[in-house]
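Shown next, in structure tokens, is the structure this report addresses.
Order of listing sets the numbers, starting from 1, for every ligand and every atom in it. Atoms considered below: every heavy atom in the structure, side chains included; atoms not considered: hydrogens, waters and symmetry mates.
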Amino acid sequence: MVSEAKSAIISKMTLSVGKDPAFATDYDWFLACALAARDRATLRFLEGKRVTASDGKKRVYYLSLEFLIGRQLTDVLSNLSLLDVFRAALEDLGVDYERVRSAEPDAALGNGGLGRLAACFMESMATLGIPAYGYGIRYDHGLFRQVIYDGWQEEYPEDWLSFGTPWEFLRTDVVFNVGFGGSVETYVTPAGITRYTWHPGEVVHAVSYDTPMVGWRGRSVNPLRLWSARAVDPLRLELFNRGDFAGASSDQARAEAISKFLYPSDETPSGQELRLRQEYFFVSASLQDLLSRHRRIYGDLHSLPERAAIQLNDTHPAVAIAEMMRLLLDEHGLPWNEAWAITSATFSYTNHTLLPEALETWPLAVFERLLPRHLQIIYFINNLHLEAAKKAFPEEPELLRSVSIIDERDGRKVRMGQLAFVGSHAINGVSALHTDLMRKTTFRDLNRIYPDRIQNKTNGITFRRWLHQSNPGLTAILKEVCGAEVVDNPEVIERLAAHAGDSALQDRIRAVKLANKTALAKVIAERTGVRVDPAALFDVQIKRMHEYKRQLLNLLETAALYDAIRANPDADWTPRVKIMAGKAAASYVNAKFIIKLANDIAQVVNNDPAVRDLLKVVFLPNYNVSLAEVIIPAADLSEQISTAGMEASGTGNMKLALNGALTIGTLDGANIEIRDNVGNDNIFIFGLTTDEVSYRRERGITAGQAIAASPMLAGVLNAVSGGRFSPDDPGRFVQLIDGLRGADRYMVTDDFDSYYAAQRRVDACWNSGEPWTRSAIINIANMAWFSSDRTIAEYAREIWNVPVDL
Ligand SMILES: *Cc1c(COP(=O)(O)O)cnc(C)c1O
């Protein structure tokens, strides 16, 4: 085996990379290993495709504008059971696997949780043997690279693709035309039927690249098919020949802009025309592709719902409802009712947020200019939908306004959430609380019209990446204590609970955690210059920077703790390292100020001899999947402190608890289900509940009361806004803090005291030693349910109607 791998790697190095192994760089070794690994994945991949087609198996199509994959080498090798073999082969060649692995750039084709969920789902679908295609965009530039300069975030283009990627196959035979703009022609057939033909003003080619997604033990390998935009005519020769070189390639630049970069905002749509072009581009190519596959294998489109399930990951691909109708009506000549029956039986939609500013809408003018035929279809859909609503609720004209696909208030808009809902047979939320809120708030009236559509599918994470690969030390313990089958069946992790009080096990768990923390301390020193003590409590908040996630609450508590330590330096403090990482959308001013505040606080605290090693503050730059894989196994405390009702699920919370961090959190998203699983005694819950949040919002209760009631809060707000941490620019944070003193939309001030108190409970528990480790073990033992295999099995059974044996 090892010698086979060795010769495969050497052969790739010489014949594909074109290098003499004696002169190969780490990156060359990465390429050679990736190509050798891909060969093995490809054979399974082709075999799977043959079987699916010949057995008439139903396929799942997962449409997502984001796939946050990260590095793939370890994932692929480990799932093919080749990791040890390749490691040994490289060692024989005198090459260190760790360096080779680290030479791979992160594929950061996503912003945060939503994109990472899509990546975990692809892995789980392959693991469960579900024939699935992921469809998305092959962005030339993924999420920006974050550099912290003088404490401020700076954004730099990310270029994962600048040297190509060894994982993908260009499919030269899979190219589709995607149109934009133009006009719609109406005519009446001799049989008296009105037909429509769209004549786009512009056509772009969608070119496909397939990356194999390998399931655990290579059970199956599915394609992630990403589309790249190409101009139909790359060069206008008549202009070129006249010397107008820029003009000659302007069509190309316009076309290729579509797949140039990922929109870098999370939870706030950009509303720009290019974004709608991206959405339609990948949706149209994907639907043309899957319809042509279906016709090739089955001949007739009426059987589509039996052979295909299409999942919309949020509303970004929701224009697919209109595009499917257009293809069935205009291109395939089906009558409306048949087309609609096929469409709504095939589609389902996952909602990821209820924040009003995050619900995607498009001004009618933009939509009509870009997609005139689709707007017509949406009007037809909406008319029928409103007719049905009127019939069901004749006494409630108000209801029509809320369920309409067209928003008639200030400037008419297309609402993508309503479109996705109306065109799908199943709509799901991503945690129990979030699904409940969907039924009660944003989709309340739609839920009354279609009461059996909304269901819950609590998110999950793939344990292969987030436990077995990122935390081999803990995995080794689990195999020993729970049995080797733990890597195939996470449910047996529960066996750990019986040993939670066993001091030998506790020692081993602590030793693994300490080793992981030592590794993280090294990364912290390399990247920030700050030295931290691995024996201290590692308190971790890692996620996109957003006001609703309340990094600011964490920082205010840090400032208050700092003051308390200075005021009483000899008290029995718990040495803590506050670790924060996350990117802010470039245009999100407050989020960028919060990053600056974190760095300013770090400057002051880390250089104050009075606090010694009792408190350190670290902001790690450029949070991404690879950094997460280092931080998560080293965390003691997991900060999940969003305003109740605002975090749909969270998945960072699951990764951290699975790796033995205790959660400090609000009753929000999946935190609630984590608490239900690990038990109230093994989690630190604080803060307002969803009901209390909405009560305050309805009454217009603002921050004044909370500040008046808490001298500590008042003091810390004054300190930050008075320039205590920004002596070079004392007014720097005045606006940020004024936002809390005024509306405080995210109720930071209301939750401050209860958060501070919860942190002191954390201190006490940590100081007690044994009970902390016991709780950590109970957390690990009870996280099996949060495997994305469980989530995907639920989608398969309850939404897609695809058989699974888990
Ligand atoms: C899991 C993950 C997220 C999601 O984190 P939340 O805390 O759930 O917001 C974001 N980014 C990366 C890189 C992740 O791995």
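Distances from atom 10 (C) of ligand 1 to the heavy atoms of G652, G112, A628 put G112 nearest. Comparing K655, R544, K543 by heavy-atom distance to atom 3 (C) of ligand 1, the nearest is K655.
A796 and I130 get closest at one heavy-atom pair: CB-CD1, 3.9 Å. The heavy-atom pair separating S754 from G687 by the smallest distance is OG-N, 2.9 Å.
R464 and E123 are joined by a salt bridge, as a carboxylate oxygen and a charged side-chain nitrogen come within less than 4.0 angstrom of each other. Look at R145 and E155 and you find no salt bridge, because none of the NZ, NE, NH1 or NH2 atoms lies under 4.0 Å from a carboxylate O.
Geometrically, K583 does not engage Y623 in a cation-pi contact defined by less than 6.0 Å to the ring centre and at most 45° from the axis.
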Exercise for review: Using the salt bridge (Lys or Arg N to Asp or Glu O under 4.0 Å) rule, take E557 and K578 through it: C-alpha gap first, then chi angles, then the decisive distance, then the call.
Suggested key: CA-CA 11 Å; E557 192 268 340; K578 288 258 188 185; 2.7 Å; yes
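For ligand 1, the atoms lying closer than 4.0 Å to a non-hydrogen atom of G650 are 8 (O). When each atom of ligand 1 is checked for a heavy atom of W466 under 4.0 Å away, the hits are 15 (O). Numbered from 1 in the order shown, with element, the atoms of ligand 1 that lie under 4.0 Å from a heavy atom of V625 read 13 (C). Listed by number with element, the atoms of ligand 1 under 4.0 Å from a non-hydrogen atom of N624 are 13 (C).
Residue L627 does not touch ligand 1, judged by heavy-atom distances below 4.0 Å.
At the shortest separation from atom 8 (O) of ligand 1 among protein heavy atoms lies T651 N, 2.8 Å. For atom 9 (O) of ligand 1, the nearest protein heavy atom (residue, atom name, distance) is K549 NZ, 2.8 Å. Of the protein's heavy atoms, Y623 CE2, 3.5 Å lies nearest to atom 11 (N) of ligand 1.
Partners of R465 according to the side-chain hydrogen bond (donor to acceptor under 3.5 Å, both in side chains) rule, which considers only residues two or more places apart in sequence or in another chain, are E629.
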